[in-house]
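Worksheet for the structure shown next.
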Amino acid sequence: MTAVDTNLLADLQMRGLVNQMTSPEELTQHLQKSRVLYCGFDPTADSLHIGSLVPLLVLRRFQQAGHKPLALVGGATGMIGDPSFKSQERKLNTIDIIDQWVDRLKAQVSAFIEFNDQGNSAAVVNNYDWTKDVDVLTFLRDVGKHFSVSSMIQKESVKQRLERDGEGISFTEFAYMILQSFDFSQLYKQYNCSLQIGGSDQWGNITGGIDLTRRQHRAQVFGLTLPLVTKSDGTKFGKTESGTIWLDEKKTSQYAFYQFWINTADADVYKFLRFFTFLNEAKMLAIEEQDRAAQGKPEAQSILATEVTRLVHGEKGLQAALRISEALFSGQLEQLTKEDLQQLYLDGMPASQTSKKSITLVQVLVDSGLAKSNKMAREFIVNNAVSVNGDKVSDLDAVLTPFLGLQGEYHVIKRGKKLFHLLHWAG
RNA sequence: GGUGGGGUUCCCGAGUGGCCAAAGGGAUCAGACUGUAAAUCUGACGCGUAAGCUUCGGUGGUUCGAAUCCACCUCCCACCA
C-alpha cells in the first residue's frame, strides 16, 4: 500500500487552494488512507488552457500524497455544455469535433499525473463510455428520479441565469448537472472513487453527485472545490492581448507561456507561487522576504515562470523559453551569433521568412502580426514604438534589406516593450 | 401557435431620417515614468498616406439621403396557449 501523506489537506489550505469542502472533519479522516479521487475536464476546445492548471496540479498533489487520481474527460458532458455561472446558452459542437478534442485532452491531462504499477497509478476515463448506452427512459427513471427540480433551480450556478433578463436556459444545459452527478455515482461504483475536486463553479454539480451517490449506493462521498484564480486588478486570469494562454505549445509557445508568468503582477505573484508550484512553504516565504528586502526587482516572477514552464513544458521547453527571453530582453542583440539566431527560430520565437530582397518596415509589421493594419503600423512607428535590431526607427518609409540584418540574414523587430518578431531572409 | 420586447463597431451600452464611422464606460494598444511591475498622465482604438471607402442580424424596398422608416427572413428573450 502506498504511504499516505496525511498533511495534504493542511498543505492545500496553506496554499489557499481550498475553497469549499463537504464535511471537513470526516474528509480529513477519510484522507488518512489512500483514496480514489477525480476531476473532470470538458472538451470545450482543442486544448486545455491555464485555467485548468490548478485542478490538474491538485490532482498531482493528491497523487504525490498517495492517492489515486482519475482524470475524467467529458466526452459526454462536453456534448451538452455546462451552464454553471455561464451567462449565455452555448452553441453545441459537432460530435466529430468533440471526439478530436477528447483525444487531445486525454494526452494533455496524462502529462500531469503518473501512470505506474503502484496502487495509486492514475487513470484517464471518459464519461462517454458509461453514458452513451443509457437510454432516455432508464436515465429518467433511475437517475432523474433522484433529482428535485426545485432544488436544482436553487443552485447558485444556474440561479442568476434563470433570473437574468434577456437570457434563458435550455433543458439540455439544465440537465448537465444530472449527467455530471451520474459520473460521480458511476466512478464510485467502478473505482470506489470517493472524492471529486473541481473549480469553485463546480460546487453545485459536485454536491449533486454526492447526493446521487448516496441515494443510489448509500455511500458517503466527498467534494472539494478550488478557488477561482483571480488577479488583483480585477481582469480575467489567463488572457493576454494575444488571447488565451493554452497548455498546448502549438497554440501558445513555450516562450509565450514563460512570458505570461514573468508578467505576473507583484500583487499576485506570491499567491500564484502557492497555486502553481510545488515549492514548500518555507521556500516561498523566503522568496517573499528576500524580495521585500531587495526593494528592487523581485525574483518571484522569474521563479514562478521557471517552475510552471518546467511543469508544463518540461526542462527542454523551459530552456528554449529562457534562451529567447534572455536574448531579447538583455538588449545585446548584436552579440547573437548565427547559431543563436537559428536556435531562437527553432525554439519557437515568433518568426517569419521572406525571399524578397527588400521590404518596407510598415509591411513587415503588418505581415508579422505586430500591427493589425498599415495604419496601426504607421502609428506605432510615429509613436516611437518600433525598433529594429535594437535601434528605434521613426522613419515611416524605412526599408529593410538583408545586408542591414544581423549576420546578414535576420532582423529582430520589436514593437512596444514586449513583442518581438524574427524576420529571416531566406533568399 | 399567439402577443410583446430585442439583435449597434472586442464587451456593455447610447443613438428613432441628414450635424453618425456612430455618445459614454470597460477592455486593449502605444508613449512618458519604471522592474518586461503597479499607479498616474498623454495619445490611439473600422479600412485607407489621402480623396474616400465599407459598417449598426440578413435580404429587398421607400427616400436626394437610413443604424434609424417599410416588407420579408433569421436568431434571442418574456408572457400567454
Side-chain angles (χ1 to χ4, degrees), chain A residues 83 86-92 158 160-174 230-245 253 255-273 287-288 290-306 309 321-333 349-350 360-363 365-366 368-387 390 392-399 412-421:
Chain A
K86 301 284 190 316
S87 59
Q88 297 186 320
E89 181 89 8
R90 288 184 294 167
K91 291 256 180 325
L92 294 175
V158 292
Q160 37 182 259
R161 174 83 161 270
L162 293 167
E163 286 166 1
R164 183 176 162 148
D165 279 348
E167 293 299 338
I169 183 166
S170 66
F171 177 71
T172 305
E173 281 198 10
F174 187 60
T230 55
K231 293 204 293 177
S232 56
D233 62 2
T235 58
K236 201 171 176 183
F237 171 76
K239 302 270 184 189
T240 66
E241 64 276 14
S242 41
T244 305
I245 304 295
S253 72
Y255 160 71
F257 188 85
Y258 178 87
Q259 284 294 318
F260 169 79
W261 296 101
I262 275 286
N263 283 301
T264 304
D266 291 4
D268 297 320
V269 72
Y270 303 103
K271 179 169 83 173
F272 287 3
L273 278 176
I287 295 168
E288 197 164 350
Q290 209 171 350
D291 282 348
R292 216 187 341 251
Q295 294 273 330
K297 187 182 175 182
E299 287 298 308
Q301 277 87 346
S302 102
I303 295 169
L304 176 68
T306 301
T309 307
L322 284 172
R323 277 194 294 272
I324 302 178
S325 299
E326 275 162 26
L328 297 180
F329 289 97
S330 68
Q332 303 295 314
L333 291 174
M349 174 171 171
T360 63
L361 182 55
V362 169
Q363 190 64 45
L365 287 167
V366 174
S368 63
L370 290 177
K372 277 198 201 119
S373 62
N374 292 357
K375 193 177 175 178
M376 290 303 280
R378 273 190 293 272
E379 193 192 313
F380 287 134
I381 295 172
V382 169
N383 283 348
N384 238 338
V386 177
S387 52
K392 290 271 182 198
V393 176
S394 50
D395 177 9
L396 276 176
D397 301 319
V399 173
V412 175
I413 320 292
K414 176 180 175 191
R415 188 213 88 196
K417 284 173 191 151
K418 305 175 194 171
L419 284 184
F420 292 88
H421 187 89

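Chain letters run A, B, ... following the sequence lines, proteins first and then strands; every chain starts at 1.
When the P atom is used for both B:G57 and B:G26, the distance is 25 Å, rounded to whole Å. Distance noted for atom C1' between B:U63 and B:U74: 26 Å (whole Å). Nucleotides B:G18 and B:G1 place their P atoms 38 Å apart, quoted to the nearest Å. Atom C1' of B:A71 sits at a distance of 25 Å from the matching atom of B:C20, rounded to the whole Å. Between B:U40 and B:A22, the distance separating the two P atoms is 28 Å to the nearest Å. Taking the C1' atoms as reference points, B:C64 lies 37 Å from B:C76, given to the whole Å. Nucleotides B:C70 and B:C12 are separated by 25 Å at their P atoms, to the nearest Å. B:G43 and B:G24 are spaced 13 Å apart, taking the P atom of each and rounding to whole Å.
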Return the polar atom pairs (N/O with N/O) between nucleotides 37-39 of chain B and the protein under 3.5 Å, or none.
residue : atom : partner : partner atom : Å
B:A37   : OP1  : A:K418  : NZ           : 2.8

Tabulate atom names and distances for all N/O pairs under 3.5 angstrom spanning the protein and nucleotides 41-44 of chain B.
residue : atom : partner : partner atom : Å
B:A44   : O2'  : A:E379  : OE1          : 2.5
B:A44   : O2'  : A:E379  : OE2          : 2.9

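Atom pair A:L365:CG and B:C29:C1' shows a separation of 14 Å (rounding to whole Å applied). Remark: C1' of B:G31 and CD1 of A:I381 are 15 Å apart, rounded to the nearest angstrom. Between A:K372 atom NZ and B:C29 atom C1' the separation is 8 Å, expressed in whole Å. Note: NZ (A:K231) to C1' (B:U28) measures 12 Å, nearest angstrom. One interatomic measurement links the two molecules: CD of A:Q259 to C1' of B:G35, which rounds to 13 Å at whole-angstrom precision. Note: NZ (A:K414) to P (B:U36) measures 9 Å, nearest angstrom. The distance between atom CD1 of A:I169 and atom P of B:A78, rounded to the nearest whole Å, is 11 Å.
When all heavy atoms of A:K417 and A:F329 are compared, the closest pair comes out as O-CE2, 3.6 Å. Looking at every heavy atom in both residues, A:V393 comes nearest to A:A398 through CG1-CB, 3.8 Å. Of all heavy-atom pairs spanning A:M349 and A:H421, the tightest one is CE-C, 3.9 Å.
Pairing for B:G48 is absent, with no Watson-Crick or G-U wobble pair whose two atom distances lie under 3.5 Å. When Watson-Crick and G-U wobble pairs are counted only if both distances are under 3.5 Å, B:U59 pairs with B:A71. Here B:A66 sits opposite no nucleotide as a Watson-Crick or G-U wobble pair (both hydrogen-bonding atom distances under 3.5 Å). B:U3 is paired with B:A78 under the criterion used here, namely a Watson-Crick or G-U wobble arrangement in which both key atom distances are under 3.5 Å. Base pairing analysis places B:C10 opposite B:G26; the two distances defining the Watson-Crick or G-U wobble pair are each below 3.5 Å. Pair check for B:G17 finds none; no Watson-Crick or G-U wobble contact set falls under 3.5 Å.
Side-chain atoms of A:N374 and A:Q363 form no donor-acceptor pair, as typed in the model, at a separation below 3.5 Å.
Crowding of A:K392 atom NZ: a count of heavy atoms from other residues, nucleotides or ligands under 6.0 Å exceeding 12.
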### Task
Could you check A:L328 against A:K414 for side chain to side chain contact (heavy atoms under 4.5 Å, CB included), going step by step and ending with a plain yes or no?
CA-CA 9 Å; A:L328 297 180; A:K414 176 180 175 191; over 6 Å; no
### Task
Output, in order, the C-alpha distance, side-chain angles, deciding distance and verdict of side chain to side chain contact (heavy atoms under 4.5 Å, CB included) for A:V386 and A:L370.
CA-CA 10 Å; A:V386 177; A:L370 290 177; over 6 Å; no
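The side chain of A:S373 has B:G48 as its nearest neighbour among B:G48, B:C29, B:U36.
In this structure, the side chain to side chain contact (heavy atoms under 4.5 Å, CB included) partners of A:A300, at least two apart in sequence or on a different chain, are A:V269, A:Y270, A:L273, A:I287, A:D291.
When the nearest nucleotides of RNA chain B are assigned to A:P298 and A:A385 by heavy-atom distance, the more 5′-ward of the two goes with A:A385. For A:F380 and A:N374, each mapped to the nucleotide of RNA chain B holding its nearest heavy atom, the one lying further toward the 5' end belongs to A:F380.
Using a 4.0 Å heavy-atom cutoff across all strands shown, A:F329 reaches at least one base atom of the nucleic acid.
For an aromatic pair to be called close, the ring centres must be under 6.0 Å apart, and A:F420 with A:Y255 fails this.
Checking side-chain atoms of A:S387 against main-chain N and O of A:G390 turns up no donor-acceptor pair under 3.5 Å.
Contact annotation: A:R415 reaches the phosphate of B:A30 (side-chain N/O to OP1 or OP2, under 4.0 Å).
Between A:T230 and A:K271, the closest side-chain pair of non-hydrogen atoms falls below 4.5 Å.
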